Colleague: 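Here it is, the structure, as structure tokens.
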Amino acid sequence: GAVVSQHPSRVICKSGTSVKIECRSLDFQATTMFWYRQFPKQSLMLMATSNEGSKATYEQGVEKDKFLINHASLTLSTLTVTSAHPEDSSFYICSARDSGTSGYEQYFGPGTRLTVT
Amino acid sequence: AQSVTQPDIHITVSEGASLELRCNYSYGATPYLFWYVQSPGQGLQLLLKYFSGDTLVQGIKGFEAEFKRSQSSFNLRKPSVHWSDAAEYFCAVGAGPTGGFKTIFGAGTRLFVKA
């Protein structure tokens, strides 16, 4: 089945530093990937749509300069949290849509837990 | 834009009892509907999905859901709950190509199972 991986699974960083999270589709190509964040005991909030070879589309209220998204290949999207602060601590989940099908299902990665100290 | 409402923040059922989790959606076009389960600190697992066809959908772990267009609902059911079903359940609605394939999640329902 379609598998999406995320790296790292957990990261702790100091306030003011930047952190990069990778999302990979392992056995399919994905022209479109999505990034979500989830606060404790809350739902997933869509942050942005990552499009291969073009700029990401951010949801309302998400700072594009804060959350940099790069989708340089058909199997990799990265989310960089710049100048991280404790309020950026969250669970970040990516998903990918199989470009080779006409289906509407997304495949989710296992998530990355970011803690900013 | 699409939206999802899960009216129950948490539900407690006895092991062996039946379960129904409610989900209502709003979307102007044909909805693509999903139920996911998430254990604490874990990622999402897809339980079942509805794209078209038979409105009663069977999923994994003995779950099923029924799509009712007239009620804009996609409720999840299980006839007999097991203690291992305790988790957070999310209903989600996906857009098609015209909506950029976005998936929007409901707030979730936490299921507690008592012995």
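Just so it is clear: chains get the letters A, B, ... in the order the sequence lines come, proteins before strands, and each one is counted from 1. Remember, it's a predicted structure, so these values are computed and weren't measured experimentally.
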Colleague: Out of B:Ala95, B:Ala92, B:Ala107, B:Gly108, return the one with the most heavy atom pairs under 4.5 angstrom to chain A.
Modeller: B:Ala107
Colleague: Atom OG in A:Ser95, atom NZ in B:Lys102: separation rounded to 0.5 Å?
Modeller: 12.5 Å
Colleague: Any chance you could measure A:Leu44, atom CG, to B:Ile104, atom CD1, to the nearest 0.5 Å?
Modeller: 10.0 Å
Colleague: Taking the side chain as everything from C-beta on, heavy atoms only, tell me whether A:Glu105 gets closer than 4.5 Å to B:Phe51.
Modeller: yes
Colleague: Does atom NE2 (A:His7) have a neighbourhood of more than 12 heavy atoms from anything else shown, all under 6.0 Å?
Modeller: no
Colleague: Is there a continuous path of hydrophobic side-chain contacts, each under 4.5 Å between heavy atoms, that joins B:Leu44 to B:Phe34?
Modeller: yes
Colleague: Is B:Gln6 close to chain A through its backbone or its side chain, or both, or neither, when contacts mean heavy atoms under 4.5 Å?
Modeller: neither
Colleague: Do you know which of B:Gly41, B:Pro40, B:Gly94, B:Gly106 has the most heavy-atom pairs with chain A at a distance under 4.5 angstrom?
Modeller: B:Gly106
Colleague: More than 12 non-hydrogen atoms from neighbouring residues, nucleotides or ligands closer than 6.0 Å to CZ on B:Arg77, yes or no?
Modeller: yes
Colleague: Is the distance between the ring centroids of B:Phe101 and A:Phe34 under 6.0 Å?
Modeller: no
Colleague: Is there a path of hydrophobic side-chain contacts, each under 4.5 Å between heavy atoms of I, L, V, M, F, W or Y residues, that connects A:Ile21 with A:Val4?
Modeller: no
Colleague: So, for A:Phe108 and B:Phe90, is the gap between ring centers shorter than 6.0 Å?
Modeller: no
Colleague: Does any non-hydrogen side-chain atom of A:Tyr107 lie less than 4.5 Å from one of B:Leu46?
Modeller: no
Colleague: If the contact rule is any heavy atom under 4.5 Å from chain B, which residues of residues 54-89 of chain A qualify, in numerical order?
Modeller: A:Glu59
Colleague: Between B:Ile9 and chain A, which part of the residue has a heavy atom less than 4.5 Å away: side chain, backbone, both or neither?
Modeller: neither
Colleague: Shared ILVMFWY cluster between A:Tyr36 and A:Leu114, side chains joined below 4.5 angstrom?
Modeller: no
Colleague: What is the minimum heavy-atom distance between A:Ser43 and B:Phe105, and which atoms define it?
Modeller: OG-CB, 3.4 Å
Colleague: With a 4.5 angstrom heavy-atom cut-off, could you sort out which part of A:Ile93 is near chain B: side chain, backbone, both or neither?
Modeller: side chain
Colleague: Is there a side-chain contact between A:Leu46 and B:Thr103 in this structure, where contact means two heavy atoms from C-beta onward sitting under 4.5 Å apart?
Modeller: no
Colleague: Tabulate, in ascending numerical order, the residues of residues 60-74 of chain B having at least one heavy atom closer than 4.5 Å to a heavy atom of chain A, or enter 'none'.
Modeller: none
Colleague: As an exercise, state the distance from CD of A:Gln42 to CD of B:Glu88, rounded to the nearest 0.5 Å.
Modeller: 10.5 Å
Colleague: Measure the shortest side-chain to side-chain distance between A:Gln106 and B:Tyr32 over non-hydrogen atoms and say whether it is less than 4.5 angstrom.
Modeller: no
